[in-house]
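One structure is given here, and the rest of the page talks about it.
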Amino acid sequence: MLRYTVRRLLQLLGVVLVLSMLLFGWLRLLPGGPVSALLGERATEESRRQLTAQLGLDQPIFVQYGKFLGRALSGDFGSSTGVQPGDAALEVFLQRFPATLELSFFAIVLAVLFGIPLGYLAARRRGTWLDNLGVVGSLVGVAVPVFFLAFLLKYVFAVELGWLPASGRQTGGIDATRVTGFFVLDGLLTREWDAAWDALQHLVLPAMALATIPFAVVFRITRAAVLDVLDEDYVRTAESKGLTTPVIRRRHVLRNAMLPVVTTIGLQTGALLAGAVLTEKVFAFPGLGEALAIGFERRDYPVLQLLIIVAAMVYVLVNLVVDLSYAVIDPRVRVR
Amino acid sequence: MVNSRTARTGLRRFAAVGLTTAVAVSMAACAESQRGEQGGKVGGTLTFAAAGHPKLFDPFYASDGETFRVARQIFEGLTGFKPGTAKVEPALAERWDHSNDGKTWTFHLKNGVKFHDGTDFDADAVCKNFERWYNQTGAGTNAAVSQYWVDNFGGFADGAKPSLYKSCTVKDTHTAVVELTASTSKFPDLLGMAPFSMQSPTAMETYDANNVQVRGDSFEYPAYGHEHPTGTGPFKFSRYDKANNIIELVRFDDYHGEKTKLDKLVFKVIPDETARKQELQSGAIDGYDLPNPSDWAALEQAGFQVIKREPFNIFYLGITQKNNEKLRDLKVRKALYHALNREQLVKSQLPAGAKVATQFIPESVSGYEPNVEKYDYDPNKAKQLLAEAGASDLTVNFFWPSEVTRPYMPNPRDIFGALRTDLEAVGVKVNAVTKPWNGGYLEDIDQGQADLFLLGWTGDMDTPDNFIGTFFADPSNRFYTTVAPWGEELSAELRRADSEPDENKREQMYKELNKKIMSDYLPGLPISHSAPALVVTKDVRGLVPSPLTSEEFGPVSKG
């Protein structure tokens with residue numbers, strides 16, 4: 001197991017190295033680049049030449065890559081040129097990571113809180129109006145683009161009804177103390193209840209928009225898994241033993257049906273970043289998704305480089321953890 | 001009877017709850033609220049949306065509008081601009097006088113002015129600011145870092161390039177004398193621009209304000225510019241909550257002028273224009289800049305104030321003479337100008353208040369010449385001129401930018417469409433090339449890859465040099481006038497006019513130059529001057545729109 005883990009971690013290193021090479025080359029092939037981003041419309045040919053030389057961009061690309069790698073190993077990924085101009089790219093990442101994590105957490109909580117009970121109920125009452133409504137609702141959830149839903153929620157609940165804030169993480173006038181970067185948690189820890197409540201309100205609409213796809217998937221998997229389990233022999237046996245329905249549901253049906261649901265929740269959590277790019281942009285929610293969107297728009301290469309590498313690392317690491325967990329959960333799976 | 005499994009489960013639950021409580025209590029114990037007694041109050045706060053994060057708060061190293069918007073509230077210059085105009089007026093200098101040759105400027109400073117950190121504002125502080133600008137070293141001398149200095153003063157103390165600045169001397173506590181190496185029309189107006197604001201020498205020294213370093217593909221700025229900007233303005237810097245996209249300024253109670261009525265001024269970064277509009281509609285912000293002209297009517301109907309600025313910009317169709325030899329023929333350039341229906345373009349594509357341009361400077365700038373050669377919309381004349389020049393088969397690479405709106409160019413796609421139709425109507429074959437504004441457009445223009453391109457300029461101050469000097473004073477410019485037989489001559493004429501110390505004579509020189517540019521040179525085709533707007537809620541009072549897009553929030557109040 002240890003050898004396997006070490007081997008996979010070395011593979012991860014290789015993946016990151018190759019990815020960083022490709023990314024470095026690709027970003028430099030794109031038109032624009034850091035010189036245009038820094039000089040803007042006041043640039044002249046002379047100032048472009050001077051800056052290109054000062055930043056070492058006139059050197060061969062492998063020399064530039066070597067320098068980039070050297071700096072990256074010491075945690076220096078350059079400074080942002082568009083997302084938060086002048087800030088270290090790593091700082092941009094560290095500041096925005098809690099925002100995306102907080103939003104994703106609330107989105108997945110919403111998806112689970114509604115997806116599992118409704119999926120279970122739909123399976124138990126298969127063919128009824130509740131089941132049909134749930135199935136259609138989940139189809140809509142998967143089919144409707146996240147950005148459209150985000151716009152719709154925002155327009156109805158923030159602009160027209162004014163019930164919830166339209167954008168951001170916290171109202172400007174609130175003088176909140178920062179501890180962890182998770183605003184709701186910070187408000188609770190510091191007992192600044194108004195700050196926690198305000199941050200929670202800011203999370204509702206983006207979390208709802210972001211939760212639609214995971215909700216739909218969790219609902220459908222729960223429903224299918226429960227239907228499968230309901231047909232199993234051990235459920236019939238439990239019924240014939242005279243166990244009460246709540247006990248059968250809790251101990252036998254739900255518990256066994258949860259295995260694929262938990263796997264699905266794990267996979268959906270990993271996929272939330274894609275949805276977060278659109279949701280955060282619509283709600284001006286200052287997380288990694290918004291940084292990626294602005295980074296592409298304003299050609300902020302240092303930030304894009306870091307975020308894409310981190311996203312790839314997270315993806316590979318999650319896969320590794322899933323592979324390892326299979327071996328732990330199911331003794332029949334052997335790793336070599 | 002309690003079986004052992006239930007007992008174990010109960011014990012585990014108890015342990016889990018206990019552990020969670022202990023962790024929460026211990027975290028709460030280390031996480032005390034750092035609020036003062038005023039915490040959470042929102043009264044007297046004006047929240048204005050910004051379209052992007054400021055680069056930093058030290059305006060000397062900035063060139064972006066978002067930095068300047070914040071900096072104008074924190075800092076003041078020796079000179080300023082009369083509210084609602086681009087005309088220079090006294091600010092931290094009560095008055096000034098200059099020698100006959102325009103090289104020696106004596107500034108008489110206001111008494112009783114203090115920086116936000118308590119440092120006295122005096123002649124010594126003025127000279128320390130000038131010396132700071134001039135003595136930049138290393139990365140600080142790069143045009144990407146000290147862009148306004150390089151554009152306006154030229155070189156630094158290292159002598160690599162000639163500098164307009166010579167010295168600054170303290171004559172007495174409240175009198176500073178600045179020596180220039182040449183007279184310039186930009187002085188003293190340029191001292192009213194945000195980059196040349198007066199900053200506290202004490203704070204700059206304490207927080208190592210000049211320590212700019214190259215970091216990877218960009219630059220790293222010291223803590224001063226991020227966390228400790230210290231000026232003399234009506235607001236002082238409070239905090240920059242990057243995790244929440246909020247910049248907060250508070251009232252400076254020892255301000256030397258009329259104190260602001262607001263307790264706080266908050267800039268909230270909302271990059272998306274639709275999101276800004278919806279935030280305004282939901283009541284979360286009090287205003288934002290540059291609402292889309294197509295939204296003006298709806299916003300006004302909804303009870304918001306759409307405040308239009310006086311047009312102080314120029315939108316032009318640029319011509320590059322580098323590659324397409326036919327464009328070096330004046331007749332061809334005149335033909336293209338006659339082909340454009342600018343009246344129609346201004347009416348159909350630009351916001352209310354926009355005007356057709358007859359030259360490269362707006363009407364309010366000194367040196368504006370009403371009697372320049374006019375080019376009416378006349379497709380037949382255009383065809384005739386093209387035929388005379390042997391260019392009836394003219395083909396042009398016409399570049400237009402995507403992913404951008406500018407105050408002078410609210411919708412590049414539609415504007416390009418209208419101009420293309422006009423050009424094709426007189427037989428010009430147009431190869432359309434579009435590139436993202438930050439994704440190669442400006443770079444390609446600078447490298448001369450376009451024959452025609454869309455671009456413009458918003459003025460920094462009321463001097464013709466800020467417009468036509470910026471475009472053509474350097475012969476290696478975006479129009480590639482260096483290949484034209486008159487390119488060097490135009491540059492020399494512009495430099496002569498800029499350095500003429502006599503104001504009346506200078507104005508006359510610029511008038512003559514504007515005539516010549518529009519009749520003999522025609523390096524590009526001026527299209528329009530647009531009136532960009534701001535939008536605020538109906539209870540915002542005292543916001544005076546600035547043609548320079550440099551509004552001051554000091555006199556603003558709510559309700």
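Fair warning: this is a prediction, and the values are worked out from it, not measured in the lab. The sequence lines fix the lettering, A, B, ..., with proteins before strands; numbering per chain opens at 1. We use all heavy atoms of the structure for the numbers below, so side chains are in, but hydrogens, waters and symmetry mates are not.
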Chain A shares the most heavy-atom pairs under 4.5 Å, among B:Tyr221, B:Tyr61, B:Phe219, with B:Phe219
Show the nearest heavy-atom pair for residues B:Ser282 and A:Ala166, with the distance to one decimal.
OG-CB, 3.9 Å
Between A:Pro286 and B:Ala243, the two heavy atoms sitting closest are CG-O, 3.2 Å
Derivation of the side chain to side chain contact (heavy atoms under 4.5 Å, CB included) call for B:His53 and A:Asp87
CA-CA 10 Å; B:His53 285 266; A:Asp87 285 354; over 6 Å; no
Are more than 12 heavy atoms, taken from residues, nucleotides or ligands other than A:Tyr155, located less than 6.0 Å from that residue's OH atom?
no
Assert top hit (heavy-atom pairs under 4.5 Å, partner chain B, pool A:Ile294, A:Leu57, A:Val159) equals A:Val159
Non-hydrogen atoms of chain A under 4.5 Å away: do they reach the side chain of B:Lys55, the backbone, both or neither?
both
CD on A:Gln54 to OG1 on B:Thr141, rounded to 0.5 Å:
6.0 Å
Any side-chain donor near an acceptor of the partner, A:Lys154 and B:Gln278, under 3.5 Å:
yes
Quick one: of B:Ala143, B:Gly138, B:Gly283, B:Gly52, who has the most non-hydrogen atom pairs under 4.5 Å with chain A?
B:Ala143
Proximal component of A:Phe183, with respect to chain B [non-hydrogen, under 4.5 Å]:
side chain
Heavy-atom distances under 4.5 Å only: say whether A:Glu160 touches chain B with side chain, backbone, both or neither.
neither
Assert top hit (heavy-atom pairs under 4.5 Å, partner chain B, pool A:Lys281, A:Lys67, A:Arg71) equals A:Arg71
Part of A:Gln64 lying under 4.5 Å from any heavy atom of chain B:
neither
Starting from the C-alpha separation in whole Å, work towards a yes-or-no answer on side chain to side chain contact (heavy atoms under 4.5 Å, CB included) for B:Val269 and A:Gln84.
CA-CA 10 Å; B:Val269 180; A:Gln84 287 172 211; over 6 Å; no
Proximal component of B:Asp64, with respect to chain A [non-hydrogen, under 4.5 Å]:
neither
Which region of B:Arg239, side chain (C-beta onward) or backbone (N, CA, C, O), has a non-hydrogen atom less than 4.5 Å from a non-hydrogen atom of chain A, or is it both or neither?
side chain
B:Ala139, part contacting chain A, at a heavy-atom distance under 4.5 Å:
both
Within a 6.0 Å radius of atom OH on A:Tyr65, are there more than 12 heavy atoms belonging to other residues, nucleotides or ligands?
yes
Output the option from B:Ile270, B:Asp241, B:Ile246, B:Asp272 having the highest count of non-hydrogen pairs under 4.5 Å with chain A.
B:Asp241
Applying a strict 4.5 Å limit to non-hydrogen atoms, the region of B:Ala275 in contact with chain A is both
Does the B:Asn244 side chain pair with the main chain of A:Gln170, one donor and one acceptor, at a distance under 3.5 Å?
yes
Could you look at A:Val92 and say if it's the side chain, the backbone, both or neither that has a heavy atom under 4.5 Å from chain B?
neither
Does any donor atom in the side chain of A:Ser167 or B:Glu279 lie under 3.5 Å from an acceptor atom in the other side chain?
yes
